[in-house]
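Shown next, in C-alpha cells, is the structure this report addresses.
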Protein chains: 4
Amino acid sequence: MQAKSTGRTVTETARRAQIIDAAIRVIADVGLARATFTRIARSAGLSSTGLISYHFADRAELLDATVERVLADFSAFVLARPDDGSARGALIAFCESNVDFMGAHPDHMSVLMQVRADLAGDADLRRRDTRELAELLRRGRSEGVFGEIDPMLTAGFILSMRDGLIRDIGQSADVPACRRAYVAATLSIVEGK
Amino acid sequence: MQAKSTGRTVTETARRAQIIDAAIRVIADVGLARATFTRIARSAGLSSTGLISYHFADRAELLDATVERVLADFSAFVLARPDDGSARGALIAFCESNVDFMGAHPDHMSVLMQVRADLAGDADLRRRDTRELAELLRRGRSEGVFGEIDPMLTAGFILSMRDGLIRDIGQSADVPACRRAYVAATLSIVEGK
Amino acid sequence: MQAKSTGRTVTETARRAQIIDAAIRVIADVGLARATFTRIARSAGLSSTGLISYHFADRAELLDATVERVLADFSAFVLARPDDGSARGALIAFCESNVDFMGAHPDHMSVLMQVRADLAGDADLRRRDTRELAELLRRGRSEGVFGEIDPMLTAGFILSMRDGLIRDIGQSADVPACRRAYVAATLSIVEGK
Amino acid sequence: MQAKSTGRTVTETARRAQIIDAAIRVIADVGLARATFTRIARSAGLSSTGLISYHFADRAELLDATVERVLADFSAFVLARPDDGSARGALIAFCESNVDFMGAHPDHMSVLMQVRADLAGDADLRRRDTRELAELLRRGRSEGVFGEIDPMLTAGFILSMRDGLIRDIGQSADVPACRRAYVAATLSIVEGK
DNA sequence: AATGAATGAGGGTTCATTCAT
DNA sequence: AATGAATGAACCCTCATTCAT
C-alpha cells in the first residue's frame, strides 16, 4: 500500500491529522457553529490558531478534509466486513456495518451530519452515496430477491433511517436492538410487503 | 374560534410575520448559520437590522417564533386532511400529508430541520413527535394490523425517512412518486415482511 | 406668586413634571447609565419614548431640567429653615438642612451626584455653590467667629463632606447622628483648632 | 522582589499597559460613560477595537484592570512616604500623600472616582478604605491625641474631602495650599474644637 | 398632544485570517 | 515549521431620535 502523492511532508501530514482529530472532537462536542479555530487549536494542544490557517487554506478546506477523513475511516470499517456476494447479503452488511460504526465512532457520524448540513458540496456527496446504494438495490431486483421498488427513493429511505439512528445511538441507546430493527425495516422495504 | 390575545397591534403582527417569512426564506436558502439579521432584513426589504431587534427580543426569540410559525402552518395543513379513524388510515394520512406539505412548502421543512438541530428544546420536540407516532403504532399493533415492531424505533424510522425526503423534494423531485414510495415503505415496515 | 413665563401650556408643564419625576426615580434606582428613555417612559406610565423627545429637545435637556428641578426643591427646603442671621447660625442651618433634605429626599441627592458627574456644566454649578458658601465663611471671619481659613477651599471641604454623606444616608444610616457629626466637623474646621 | 506570575508574555503585558494608560486618559477626559472602546483604541493608537477585546475578556475586565493599576500606583506612592508611627503622624502622612498623588496623577484619581461609582464591588472597596482609616482614628483616640469623634463618620469626612479636592486639583489649583488646608481641616476635625 | 413604528449610528464582541519573527 | 500578535469585517443589540398618523 502506498500513500497518495499529496506533495506533503511527513510532519505536515501528521499535523493535519492532529488538527482534523481535534476538529472531529470539537464539532461532535460543541456543534459546528461553535467549533471555532480557537477551540480546535486548544483541543489539539496547539499554541495558536495561526497554525490551523497555516496548514489549511481556510475553514472550508479544514471541514472538507475532516469530512474526507471521516468517510475514509467509514469506508475502511465497512470494507473490513465479509460479504457473501449476494445483493441481500450486501444490503444486510451495509446496514449492520453502519450501525456498528456509529456505535464505535459516534463522533464521526455526528460530524458527518453537521458538516453535511452546512456544506456546499453536500448534495453531490449524498447523491453519490444514494446512487451506489440504488445500484445494489437494482442488482437485488434483477436477482429477483427484492420487490418492485424505486431504487433511488428506496436508497434514500435506507440512508435516512441510518442518519436518524445517529441521534438515538449518540444517546447511548441499545445498539444491538437498533441494528436488528434497522435491518428488519430495510428488508421489509426492499422485499415489499 | 378566537385569536390568541398577544397584546400586539395589527401593524406589529404584520411586521413580525413579514420578518418571519424572510427568516424562513433566508434559512432555507443559505442555511441557519449564514442567516444573519443583515440578510434577513435585506430579504424582508427592511431598512436596518434594528427593526428586527425592535420586534424580537433577540435572535433566539426570532428563531423560536419562526419554528412556531412553521409548526402552526404544518398542523393546520395536516389537520385539514380527513382521517378514517383506523391506525392504518391515520398512518397513511400522516405520511401523505407530510409529503404534500413538503411539496407545498419546501422552505418550511428545511427551516424545521435546521433550527431544530441548533435549538435547546430540540431533543424534547423531536422526542415528543416520535412518542406520538409510536403511540399510533402501538394502537395499530393492538388492532392487529401491524406486525411485531418496536414502536419507538419504528416511529424514528418513519420520521427519518420523511426528513430525508425534504432534500429530494426541495430539488423538485416527483412529488406523487415520493408520496407513493413513502407510504409503501412505511406500510412495509409496520406490517412486517 | 407667579409662574415664570416659559411659554408653556399647563398640560405641557404637567407632562414635563411627570417625566422629570420618573427620571429622578429611575436614575436613583438603576443609575444614570441605565436610565434609558424606555425605562423612564415606563416608570412615568407613558406609552412611548417619543413623548419624552416631544417634550425635551434631547437627552441633555431632560437631564438639565431634572437637575434644575432637584435644585429648586432643595432651595425651597433650605429656605424654609429659620436663620438667626449670624454667619455661624447660617452655617449650622446650612449643614442641618442639607442632611435633613437627604434624609427626606434621598433620590434627589442621588440624582444630583450622578448627573453632575456626567454633565458639562457641572463645574460651573459647583463653583457657584462653593462661592456662595465661601462668602458666608468670609462673613464669619469678619465677624470674628471663624478662624484663619481659606474660604474657597474650606467651602469645598464642607460641600464634599455633605456629598459623602449621601452615600451613607442612602444606606439608611442614623440621620440624627450624621447631622450632629457633620455640624461638629464643620464647626471644628471653620473655627480652627 | 519578584513579579507576580500572570502567565503573560512581555508583549502582552506591554500592550495591556498601553491600553490601560489610554483608558485612564480617556475616562479622565470624557467620562466613563463616553469612554468607549473606539475612543480608547484611538487614544492608544490601535488599529481597531478588536485589539482591546483581544487583550481583555470584556469591558468589565478592562475597567477592573484599570482600577487595579490605579490603586497599585497609589499604594506605591503612599508607601514611599516615611511615617513616624504615631496616629497623628500617620494621619498627616495620609492626607499629604493623597494630595501629592493627585497633583502628580490627576487622571488616576478621576478614574478611581468614576469607575468606583459604576462598579459592583465599589461599596466594599470604599467601606474597606473607610474602615482602615477609622481604625487609625481609634488608635489616635486611645493615644489620647484625638477628641471624642465617631471614627467611621469622621473617616468618611476625611475621605470625602479628599475626593472633593480631586476636582480642584484637576483644574490645576495651588497644590501646596490645598495640602496645607486639607491637613489643617483634618486635624481640626479629629482633635475636636 | 400623543402614539407606535421605524431609523441608523454606535456599542461591545467574535473570529478567521494575516504577518513579522 | 511554528508562534503570538494584530487585523478588520461582520455579528447582534441598544437607544435616542424622527415621523406619519
*Among E/dA5, F/dA1, F/dA5, the nucleotide that comes nearest once only the side chain of D/Thr11 is considered*: F/dA5
*Which base sits across from E/dT13 as a Watson-Crick or G-U pair, both distances under 3.5 Å?*
F/dA10
*asked:* Rounded to whole Å, please give me the gap between CD1 in A/Ile52 and P in E/dT17.
replied: 10 Å
*asked:* Nearest to the D/Ser47 side chain among F/dC13, E/dA6, F/dA6, which nucleotide is it?
replied: F/dA6
*Nearest-angstrom distance from the residue atom CZ of D/Arg16 to P of F/dA5*: 12 Å
*Taking the side chain as C-beta and beyond, is there a heavy-atom pair between B/Asp21 and B/Arg69 under 4.5 Å?*
yes
_For atom CD of B/Glu12 and atom C1' of E/dA6, their distance in whole Å_ = 12 Å
_Distance-only donor-acceptor check, side chains B/Arg25 and B/Ser43, under 3.5 Å_ = yes
*How would you label the contact of D/Ser53 with the nucleic acid (heavy atoms, under 4.0 Å): base, sugar-phosphate, or nothing?*
base
_What is the distance, to the nearest angstrom, from the CZ atom on C/Arg42 to the P atom on F/dT14?_
12 Å
_Taking 4.0 Å as the cut-off, does a side-chain nitrogen or oxygen of C/Tyr54 come that near to OP1 or OP2 on E/dA1?_
yes
*asked:* Closest approach to the side chain of B/Thr38, judged atom by atom: which nucleotide of F/dT7, F/dC11, F/dG4 is it?
replied: F/dC11
*Once you round it to whole Å, what is the distance between P of E/dA16 and CG of A/Asp58?*
11 Å
*Give none if F/dA1 has no partner; otherwise give the nucleotide forming a Watson-Crick or G-U wobble pair with it, both distances under 3.5 Å.*
none
*Looking only at side-chain N and O atoms, does D/His55 come under 4.0 Å of OP1 or OP2 in F/dA6?*
yes
*Between the main-chain N or O of C/His55 and the side-chain N or O of C/Arg15, is there a donor-acceptor pair closer than 3.5 Å?*
no
*Answer yes or no: is there a side-chain heavy-atom contact under 4.5 Å between D/Asp64 and D/Phe56?*
no
*asked:* Could you tell me how far apart A/Ile19 (CD1) and F/dA1 (C1') are, to the nearest whole angstrom?
replied: 12 Å
*Any sub-3.5 Å donor-acceptor pair from D/Arg39's side-chain atoms to D/Val26's backbone N or O?*
no
*With sugar-phosphate meaning primed atoms plus P, OP1 and OP2, does B/Ser48 contact a base, only sugar-phosphate, or nothing at under 4.0 Å between heavy atoms?*
base
*Taking the nucleotide of DNA chain F with the closest heavy atom to each, which residue, D/Leu46 or B/Ala57, is nearer the 5' end?*
D/Leu46
*Closest nucleotide among F/dT17, E/dA16, F/dC13 to the C/Thr49 side chain*: F/dT17
_Checking side-chain polar atoms at under 3.5 Å, does C/Asp73 have a donor or acceptor matched by the opposite partner on C/His108?_
yes
*Nearest to the side chain of A/Leu51, which nucleotide is it out of F/dT3, F/dC13, F/dA1?*
F/dT3
_Nearest-Å distance for atom pair CD/P, residues D/Gln18 and F/dA5_ = 13 Å
*Grab the CZ-P distance between B/Phe37 and E/dT7 for me, whole Å please.*
16 Å
*To the side chain of D/Arg15, which of E/dA6, F/dC11, F/dA6 is closest?*
F/dA6
